[in-house]
Visitor: 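This is the structure I have questions about; it appears just below.
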Amino acid sequence: MASTGHETATVEPFDDDAATAVEKHAPGHVQLAPGSHPHNPASHDPDRPDISFPFQTTNTVEGGFTDEYRVTSKTGYITADLALRPVPSRYHRLPAVLADPEKAFRLKQVKLVTWYENDPEDPRNWNNAYKWYITFVCALSVVAIAFATAIIAGDFGGVMEEFQVSEVVVALSVSLMIIGFGIGPLILAPLSELHGRRPFWVVPFIIYIIFNIPCALAKNIGTLLVSRFLCGLFGSGPFALAGGAIADIWDNNERGFAVALFAAAPYGGPVLGPIVGGFIGETVGWRWIFWVNMMFAGVVACLCATIPETYAPAILLKRAKRLRAETGDLHITTEQELFKKSLEEIIVETAIRPFQMIATEPILTLMSMYASLIYGLLYAFFFSFPIVFSEGYGYNDGITGLMFCSVLIGVGLALFVTPRLERDYLRRAKEKGGHADPEDRLIGMMIGCWFIPIGMFIFGWTSPPTVMPGGGNWVGPCSAGIPFGFGMVVLYFSANAYIIDAFPGYVASALAAKIVIRSGLGAATPLFISAMFHNLGNGWAASVWGFISFALVSTYSRSSVVFVDEWLTLAWHR
């Protein structure tokens, strides 16, 4: 027996017997080629989904899955016919190439390239300080792009006055950029699987920076809106790449705090936007909002250019091509190269499958809608805060922007909780023999979900006219951002992790479906939130969202109380 860190791998001779094929290629049963001794790092959990697997460009129906991209071996390869295994799903189905004895026989000569032991090219073996630098740049890139969506909220009045348009039309400058965020990853994700992550860190970012120029120089509202959409489309690169890059460099049992930073970035970025944009618009005008955003994006683009290639399939593919040229052995390859999807199949996988999953996977749809509702509420704050603090308290745009600091405080508090949730998940997995259920990821949702309605009710009923301006009365609605920011990040962190674990064979499509739903709700909210607060009043408008959030909580309130009590008890004793 050869140890693989969390499981044992049986060394077996080559065998043509089709009758034993199903047993030999069962999930978790790692097969070794003679002379090769693959193993996983001690921190690695082989039962958790490999986010770095090229799901969208590999024909897994034909070839199945392999641990080629994350195991190591002394020989630097695993024999293909013994490395492949079925796609994780509720049905155990042998890959087509293994079900055909003739094709399986030919695979005996094929060598799938792996990492060597202590391989210096393996991103997981890089210096920890360097990995934290890459993590910081990845998170900062997401912050920079998310920041751009909301920075214009700092001076909506200036845009409305110059172009003589309504608030709803100006709100489209936010909505259209969010729509671009939903479309961009559907294109960039498969391209990055084919060509690696590095080119798409730089090229789309530069194009995004360029489209900030027509935003700043726009002579009419149409130019501004079209340019904002294109900014969202090309600026979506970090949303498509950052999570995968973090998964590339940190093994799946090491990336707790790194993932927490990534989970907070899409929410922390938009909160910074109105803070900065408010003071810029108040002092030098709304056009300088885009010039400042362009400068910030330029600095981040320079940092992104320092990120090396981290994508294991791209690095190993390059190695396979080099080894073929050096040795003349044409059997050296990677699974992605061996079972490459056609363009038609890639289009189906990226443009159709996410919508199929939305229609056929209710749990994915509901979970994504819940997380997306919170995302939409964040953008609702960008439009309701001016109503409360500018109209209600008479503050200028700069001071109104400062009120968002409370949301940042909540986001910061969440960063202390999310790594502990990850450790709690690992404990649960250990207690279950190394096989945790996806539902064990929901502890964070069961904690965070309560804070969303609490924040909304505080915001609504401590605002004018319920609590009239005077003295320190602004503290009430401002403080509502703390529970909201905390619950928002903790909830999203857990929901995202649940989706990954619940759909291990279709992670890319499941996350794409979530992005589509999130972008749709995020884009729709700014279009009606101002009218909602003006017509219903601050108290009842905020309460509507509070009641919706509370209704979602009540669907599993009984189980949440049990799980939260258990979690807090264990945390206290430790």
Visitor: For K514 and S368, indicate whether the former's side chain and the latter's backbone hold a donor-acceptor pair under 3.5 Å.
Guide: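 Here the side-chain-to-backbone pair does not exist.
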Visitor: Look only at the side chain of Y393 and the backbone of N473, and say whether a donor-acceptor pair between them is shorter than 3.5 Å.
Guide: yes
Visitor: Ignoring hydrogens, what is the shortest heavy-atom contact between W291 and A216? Give both atom names and the distance.
Guide: CE2-CB, 3.5 Å
Visitor: According to the salt bridge (Lys or Arg N to Asp or Glu O under 4.0 Å) rule, which pairs have a member within residues 237-248, sequence neighbours left out?
Guide: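 Qualifying pairs: R197-D248.
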Visitor: Got a sec, which pairs hit ring-ring contact (aromatic ring centres under 6.0 Å, His included) with one end in residues 135-154, sequence neighbours left out?
Guide: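 For residues 135-154: F147-F296.
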Visitor: Name the residue from E361, Q356, M357 that meets the side chain to side chain contact (heavy atoms under 4.5 Å, CB included) definition with Y506.
Guide: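 The side chain to side chain contact (heavy atoms under 4.5 Å, CB included) with Y506 is passed solely by M357 among E361, Q356, M357.
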Visitor: Output, in order, the C-alpha distance, side-chain angles, deciding distance and verdict of side-chain hydrogen bond (donor to acceptor under 3.5 Å, both in side chains) for T149 and Y379.
Guide: CA-CA 9 Å; T149 61; Y379 284 91; 2.8 Å; yes
Visitor: Can you tell me how far apart CD (E162) and CG (N220) are? Round to the nearest 0.5 Å.
Guide: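 Spacing of CD (E162) from CG (N220) equals 10.5 Å.
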Visitor: Could you tell me whether a side-chain N or O of T418 sits under 3.5 Å from a main-chain N or O of A260, the two making a donor and an acceptor?
Guide: no
Visitor: Can you name the residues that form a side chain to side chain donor-acceptor pair (under 3.5 Å) with Y208, not counting sequence neighbours?
Guide: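 Partners of Y208 by the side chain to side chain donor-acceptor pair (under 3.5 Å) criterion, ordered by chain and then number, come out as N293.
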Visitor: So which atom in A150 and which in P270 form the shortest heavy-atom distance, rounded to 0.1 Å?
Guide: CB-O, 3.2 Å
Visitor: With a 4.5 Å heavy-atom cut-off, do L194 and I346 have their side chains touching?
Guide: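 Yes, close enough: below the 4.5 Å cut-off.
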Visitor: With a 3.5 Å distance limit and no angle check, can you tell me whether S390 reaches the backbone of I387 through a side-chain donor-acceptor pair?
Guide: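 Here the side-chain-to-backbone pair does not exist.
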Visitor: Under the ring-ring contact (aromatic ring centres under 6.0 Å, His included) test against F383, which residue among F533, F156, F528 passes?
Guide: F156
Visitor: Applying salt bridge (Lys or Arg N to Asp or Glu O under 4.0 Å) as the test, list every pair that has at least one member in residues 390-403; sequence neighbours left out.
Guide: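 Non-adjacent pairs meeting salt bridge (Lys or Arg N to Asp or Glu O under 4.0 Å): zero.
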Visitor: So, for L188 and P204, which heavy atoms are closest and what is the spacing to 0.1 Å?
Guide: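 Smallest heavy-atom distance, with atoms named: CD2-CG, 4.2 Å.
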Visitor: Can L366 and L552 be said to form a side chain to side chain contact (heavy atoms under 4.5 Å, CB included), step by step?
Guide: CA-CA 10 Å; L366 293 173; L552 293 171; over 6 Å; no
Visitor: Do E349 side-chain atoms and Q56 backbone N/O form a donor-acceptor pair below 3.5 Å?
Guide: no
Visitor: Would you indicate whether the side-chain heavy atoms of I499 and V507 approach each other to under 4.5 Å?
Guide: no
Visitor: Which heavy atom of A153 sits nearest to which heavy atom of P274, and what is that distance?
Guide: CB-CG, 4.5 Å
Visitor: Taking atom CG of L230 and atom CG of N212, what is their separation to the nearest 0.5 Å?
Guide: 11.0 Å
Visitor: Any side-chain heavy-atom pair from S519 and I179 closer than 4.5 angstrom?
Guide: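 No. Closest side-chain heavy atoms not under 4.5 Å.
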Visitor: For residues 475-489, which side-chain donor-acceptor pairs fall under 3.5 Å, sequence neighbours excluded?
Guide:
from : atom 1 : to   : atom 2 : distance (Å)
S479 : OG     : V475 : O      : 3.0
S479 : OG     : G476 : O      : 2.7

Visitor: Any heavy-atom pair between the side chains of F234 and I209 that's under 4.5 Å?
Guide: no
Visitor: Measure from the side-chain N and O atoms of S549 to the backbone N and O of P453, and report whether any donor-acceptor pair falls under 3.5 Å.
Guide: no
Visitor: Can the ring centres of F404 and F385 be said to be less than 6.0 Å apart?
Guide: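 Yes, the ring centres sit under 6.0 Å apart.
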Visitor: Side-chain donor-acceptor contacts of residues 163-170 below 3.5 Å, not counting sequence neighbours, with atom names and distances?
Guide:
from : atom 1 : to   : atom 2 : distance (Å)
Q164 : NE2    : E161 : O      : 2.6
S166 : OG     : V169 : N      : 3.4
E167 : OE2    : S530 : OG     : 3.2

Visitor: Suppose we screen for side chain to side chain donor-acceptor pair (under 3.5 Å). Which residues come up paired with S342, at least two apart in sequence or across chains?
Guide: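 Listed in chain order: E345.
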Visitor: Any chance you could lay out the side-chain hydrogen bond (donor to acceptor under 3.5 Å, both in side chains) test for T525 and Y375, step after step, and finish with the verdict?
Guide: CA-CA 9 Å; T525 304; Y375 186 70; over 6 Å; no
Visitor: Sequence neighbours left out, what pairs pass salt bridge (Lys or Arg N to Asp or Glu O under 4.0 Å) with at least one residue falling in residues 490-509?
Guide: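 For residues 490-509: R441-D501.
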Visitor: Is there a side-chain contact between D155 and I280 (heavy atoms, below 4.5 Å)?
Guide: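 With C-beta onward as the side chain, the pair stays apart.
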Visitor: Rounded to the nearest 0.5 Å, how far apart are CZ of F493 and CG of L421?
Guide: 6.0 Å
Visitor: Going by heavy atoms in the side chains, are T466 and T462 under 4.5 Å from each other?
Guide: no
Visitor: Does CZ in F416 sit with more than 12 non-hydrogen atoms of other residues, nucleotides or ligands closer than 6.0 Å?
Guide: no
Visitor: Step through it carefully: locate the ring centre of F381, locate the ring centre of F459, and say whether they are under 6.0 Å apart.
Guide: yes
Visitor: Would you please indicate yes or no on a ring centroid separation below 6.0 angstrom for Y267 and Y492?
Guide: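 Between Y492 and Y267, the centre distance is under 6.0 Å.
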Visitor: Sequence neighbours left out, what passes side chain to side chain donor-acceptor pair (under 3.5 Å) with T135? Give chain and number order.
Guide: W250
Visitor: Pairing donors with acceptors under 3.5 angstrom, does anything connect the side chains of W461 and S543?
Guide: yes
Visitor: Would you mind listing every salt bridge (Lys or Arg N to Asp or Glu O under 4.0 Å) that reaches into residues 257-274, with sequence neighbours excluded?
Guide: none
Visitor: Judged by atom type as modelled, is there a donor-acceptor pair below 3.5 Å linking the side chain of E193 to the main-chain atoms of T58?
Guide: no
Visitor: So, using side chain to side chain donor-acceptor pair (under 3.5 Å) as the criterion, who are the partners of S173 when residues are at least two apart?
Guide: none
Visitor: Which residue pairs satisfy the ring-ring contact (aromatic ring centres under 6.0 Å, His included) criterion with at least one member in residues 175-204, sequence neighbours excluded?
Guide: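 Output for this query lists F181-F239.
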Visitor: Kindly say whether A218 contributes a backbone atom to a donor-acceptor pair with the side chain of T223 at under 3.5 angstrom?
Guide: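 Side chain of T223 to backbone of A218: no pair is present.
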Visitor: Can you check whether L303's main-chain N or O pairs, donor with acceptor, with T306's side chain at less than 3.5 Å?
Guide: yes
Visitor: Closer than 3.5 angstrom, by distance alone: can the side chain of E309 be matched with the main-chain N or O of R198 as a donor-acceptor pair?
Guide: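 At least one qualifying donor-acceptor pair exists.
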Visitor: Quick one: does M445's side chain get under 4.5 Å of Y498's, heavy atoms only?
Guide: no
Visitor: Check the pair F457 / F547 against ring-ring contact (aromatic ring centres under 6.0 Å, His included), numbers first and verdict last.
Guide: CA-CA 9 Å; F457 287 129; F547 286 130; 5.2 Å; yes
Visitor: Measuring only between side-chain heavy atoms, which start at C-beta, is V226 closer than 4.5 Å to P214?
Guide: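 Result no, sub-4.5 Å side-chain heavy-atom pair not found.
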Visitor: Restricting to non-hydrogen atoms, name the atom on L536 and the atom on A541 that form the minimum distance, rounded to 0.1 Å.
Guide: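 L536 and A541 have their closest heavy atoms at CB-N, 4.0 Å.
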